[in-house]
Engineer: 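The structure under discussion is supplied below as structure tokens; questions concerning it will follow.
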Amino acid sequence: MLRFSAMTLDRCSSQRKDSAWVKEQKLNAGFLVLCDDKNLVCGDSYRPIIFSYEQIVSSALEDSEMVFLGVQSSQPMFAIDITGMELDSHLLNQGKWNELRQIASHLDNDTASFLMLSRGLCHWHKNNRFCGRCGQHTRSIEGGHSLVCSNEKCGHQTFPRTDAAVIMTVTKQFEDGLERILLGRQKSWVKGVYSCLAGYVDQGETLEQTVRREVFEESGIIVGDVKYIASQPWLFPSSLMVGFIANAETDQISIDEDEIESAKWFSRDELARFAEYNDDVDGYKLPRKDSISSFLMEQWLNQT
């Protein structure tokens with residue numbers, strides 16, 4: 001199963017519109033604390049540290065902005081972002097601040113998915129403190145799943161955005177009888193890492209049109225048939241990765257260096273010899289295991 005795609009909590013979409021109901025949930029809730037997009041976790045197991053309401057009150061955090069995440073195993077769950085706050089609390093010294101992508105492999109998929117939701121919502125709050133129409137402060141409603149302008153004459157309401165992005169395995173049968181996959185890399189990546197091509201959806205595009213446009217822009221390859229495979233929430237900070245497999249109609253690569261550093265065709269035998277992302281070796285490497293790119297490449301590799 002794709003990493004970050006196994007969240008089982010009840011989002012309580014209807015109940016969270018009732019502010020009195022949300023306030024009541026805090027009394028028996030568990031609380032996650034975040035800072036600078038990092039989660040507070042146990043230093044040894046990387047499990048999230050979950051605080052009680054009494055602990056939150058004792059640390060003077062009860063008046064902080066709280067985002068209702070949902071109900072997990074019968075327990076209401078909230079997230080608190082303390083970025084920019086000056087606190088001297090023993091409560092916050094019980095664990096370590098970790099970037100979720102660095103620790104996700106140590107967590108079960110449900111926990112990783114849950115932490116990603118807390119990170120994504122807190123990041124959205126942090127970056128939407130002012131109304132995009134009139135510039136006044138926004139205030140949280142619906143348990144933190146919506147923001148409304150504090151200016152009554154404006155009253156503009158916004159919701160967490162999701163940026164759609166496509167990612168694709170581009171394949172072609174070559175004259176030697178071997179099917180190959182087209183992979184590329186960006187300059188900023190770990191040396192040797194090659195991954196699926198990807199890109200954001202432009203306004204007015206279908207997902208299939210985006211696949212064809214992005215592949216051509218990045219590699220000069222013309223794509224024909226496009227088939228949906230799977231999707232993955234990717235709240236780093238706000239994307240939904242939509243995975244496809246696409247059949248290439250041409251094979252001559254012409255890269256756009258503003259987009260990627262390199263693109264190459266690889267056979268299954270060549271891909272099978274790729275090292276893992278964190279291996280300290282020379283040569284080609286796979287993308288991170290938690291990415292949909294790794295999932296799509298593995299699916300193609302294991303096809304017969």
Side-chain angles (χ1 to χ4, degrees), residues 1-5 163-202 205-234 239-279 281-304:
M1 180 180 292
L2 280 166
R3 181 64 65 175
F4 307 121
S5 62
D163 300 320
V166 297
I167 184 166
M168 42 276 177
T169 48
V170 179
T171 66
K172 191 178 191 306
Q173 192 85 16
F174 280 70
E175 291 183 358
D176 61 4
L178 294 178
E179 185 181 45
R180 290 179 170 85
I181 185 173
L182 179 67
L183 302 175
R185 64 168 278 107
Q186 296 182 7
K187 293 180 181 179
S188 60
W189 291 356
V190 170
K191 185 179 179 180
V193 170
Y194 274 76
S195 183
C196 296
L197 303 186
Y200 285 104
V201 180
D202 277 355
E205 276 189 324
T206 67
L207 297 172
E208 292 82 1
Q209 288 172 334
T210 306
V211 169
R212 296 186 178 97
R213 174 182 58 77
E214 284 288 345
V215 172
F216 184 74
E217 287 180 356
E218 293 186 351
S219 68
I221 298 297
I222 296 174
V223 162
D225 291 338
V226 175
K227 180 182 178 182
Y228 170 78
I229 300 297
S231 63
Q232 181 187 37
W234 196 253
S239 296
L240 174 67
M241 304 300 297
V242 188
F244 294 88
I245 186 168
N247 294 325
E249 296 181 345
T250 61
D251 57 31
Q252 294 300 309
I253 297 172
S254 176
I255 65 167
D256 181 347
E257 294 185 0
D258 290 334
E259 296 275 350
I260 59 176
E261 180 184 50
S262 172
K264 298 178 183 291
W265 291 103
F266 296 95
S267 68
R268 285 187 172 85
D269 285 344
E270 290 170 328
L271 184 59
R273 293 195 292 270
F274 275 33
E276 295 296 332
Y277 180 87
N278 290 318
D279 287 350
V281 296
D282 294 329
Y284 298 122
K285 297 180 182 179
L286 297 168
R288 290 177 182 267
K289 282 289 188 182
D290 61 1
S291 67
I292 189 174
S293 180
S294 178
F295 171 84
L296 293 172
M297 291 165 63
E298 184 175 354
Q299 277 211 333
W300 178 79
L301 179 63
N302 292 330
Q303 287 177 353
T304 58

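Position 1 is the first residue of the sequence; numbering continues from there.
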Engineer: Between Arg212 and Gly224 (side chain of the first, backbone of the second, donor and acceptor by atom type, cut-off under 3.5 Å), is there such a pair?
Structural biologist: yes
Engineer: Distance from Ser231 atom OG to Ile167 atom CD1, nearest 0.5 Å?
Structural biologist: 12.0 Å
Engineer: Among Arg268, Gln173, Lys172, find the residue that satisfies the side chain to side chain donor-acceptor pair (under 3.5 Å) test when tested with Glu179.
Structural biologist: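 Exactly one pass, corresponding to Arg268.
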Engineer: For Phe174, what residues pass the ring pair (Phe, Tyr, Trp, His ring centres under 6.0 Å) criterion, not counting sequence neighbours?
Structural biologist: Trp265
Engineer: Once side chain to side chain contact (heavy atoms under 4.5 Å, CB included) is applied, do any residues pair with Leu207, and if so which ones, sequence neighbours excluded?
Structural biologist: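 Partners of Leu207 under the side chain to side chain contact (heavy atoms under 4.5 Å, CB included) test: Val166, Val201, Val242, Phe244.
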Engineer: Ignoring hydrogens, what is the shortest heavy-atom contact between Cys196 and Leu296? Give both atom names and the distance.
Structural biologist: SG-CB, 4.3 Å
Engineer: To the nearest 0.5 Å, what is the distance between CG on Leu178 and CG on Asp269?
Structural biologist: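 Rounded to the nearest 0.5 Å, the CG-CG separation comes to 7.5 Å.
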Engineer: Specify the closest pair of heavy atoms between Gly184 and Trp189, including all atoms of both residues, with the distance to one decimal.
Structural biologist: O-CZ3, 3.3 Å
Engineer: Applying side-chain contact (heavy atoms from CB on, under 4.5 Å), run through Leu183 and Met297 and close with a yes or a no.
Structural biologist: CA-CA 9 Å; Leu183 302 175; Met297 291 165 63; 3.7 Å; yes
Engineer: Got a sec, which residues hit side chain to side chain contact (heavy atoms under 4.5 Å, CB included) with Thr206, two or more places apart in sequence or on another chain?
Structural biologist: Glu208, Gln209
Engineer: Suppose we screen for salt bridge (Lys or Arg N to Asp or Glu O under 4.0 Å). Which residues come up paired with Asp163, at least two apart in sequence or across chains?
Structural biologist: Arg161
Engineer: Excluding sequence neighbours, so at least two apart, what forms side chain to side chain contact (heavy atoms under 4.5 Å, CB included) with Ser5?
Structural biologist: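 Ser5 satisfies side chain to side chain contact (heavy atoms under 4.5 Å, CB included) with Met1, Leu2, Asn109, Pro233 only.
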Engineer: Could you please spell out the steps behind the side-chain contact (heavy atoms from CB on, under 4.5 Å) verdict for Arg213 and Asp202?
Structural biologist: CA-CA 10 Å; Arg213 174 182 58 77; Asp202 277 355; 3.6 Å; yes
Engineer: Please test Tyr284 against Lys264 for side-chain contact (heavy atoms from CB on, under 4.5 Å), starting from the C-alpha separation and ending with a verdict.
Structural biologist: CA-CA 11 Å; Tyr284 298 122; Lys264 298 178 183 291; 3.5 Å; yes
Engineer: Leu271 versus Leu286: any side-chain heavy-atom pair under 4.5 Å?
Structural biologist: yes
Engineer: With Ser219, which residues qualify under side-chain hydrogen bond (donor to acceptor under 3.5 Å, both in side chains), at least two apart?
Structural biologist: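 Expected list: none.
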Engineer: To the nearest 0.5 Å, how far apart are CH2 in Trp234 and CG in Leu240?
Structural biologist: 12.0 Å
Engineer: Could you work out, with side-chain hydrogen bond (donor to acceptor under 3.5 Å, both in side chains) as the rule, every residue matching Thr210, not counting sequence neighbours?
Structural biologist: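 So Thr210 forms a side-chain hydrogen bond (donor to acceptor under 3.5 Å, both in side chains) with Glu205.
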Engineer: Return a table of donor-acceptor pairs under 3.5 angstrom between the side chains of residues 245-261 and protein atoms on other chains or two or more places apart.
Structural biologist:
residue : atom : partner : partner atom : Å
Thr250  : OG1  : Ile222  : N            : 3.0
Asp256  : OD1  : Asp258  : N            : 2.9
Glu261  : OE1  : Arg185  : NE           : 2.7

Engineer: Can you name the residues that form a side chain to side chain contact (heavy atoms under 4.5 Å, CB included) with Asn278, not counting sequence neighbours?
Structural biologist: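 So Asn278 forms no side chain to side chain contact (heavy atoms under 4.5 Å, CB included) with any residue.
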Engineer: Verify side-chain contact (heavy atoms from CB on, under 4.5 Å) between Ser294 and Arg288, making sure each step is shown before the conclusion.
Structural biologist: CA-CA 7 Å; Ser294 178; Arg288 290 177 182 267; over 6 Å; no
Engineer: Specify the closest pair of heavy atoms between Val193 and Pro287, including all atoms of both residues, with the distance to one decimal.
Structural biologist: CG1-CA, 4.1 Å
Engineer: Can you check whether Ser291's main-chain N or O pairs, donor with acceptor, with Gln232's side chain at less than 3.5 Å?
Structural biologist: no
Engineer: Could you tell me which residues satisfy ring pair (Phe, Tyr, Trp, His ring centres under 6.0 Å) with Tyr277, sequence neighbours excluded, listed by chain and number?
Structural biologist: none
Engineer: Kindly write out the residues that satisfy side-chain hydrogen bond (donor to acceptor under 3.5 Å, both in side chains) with Arg180, not counting sequence neighbours, or none if the list is empty.
Structural biologist: Asp176
Engineer: Of all the heavy-atom pairs spanning Glu276 and Asp279, show the shortest one and how long it is.
Structural biologist: N-OD2, 2.9 Å
Engineer: With Phe295, which residues qualify under ring pair (Phe, Tyr, Trp, His ring centres under 6.0 Å), at least two apart?
Structural biologist: none
Engineer: Can you name the closest pair of heavy atoms from Tyr200 and Ala165 and give their distance?
Structural biologist: CD2-CB, 3.8 Å
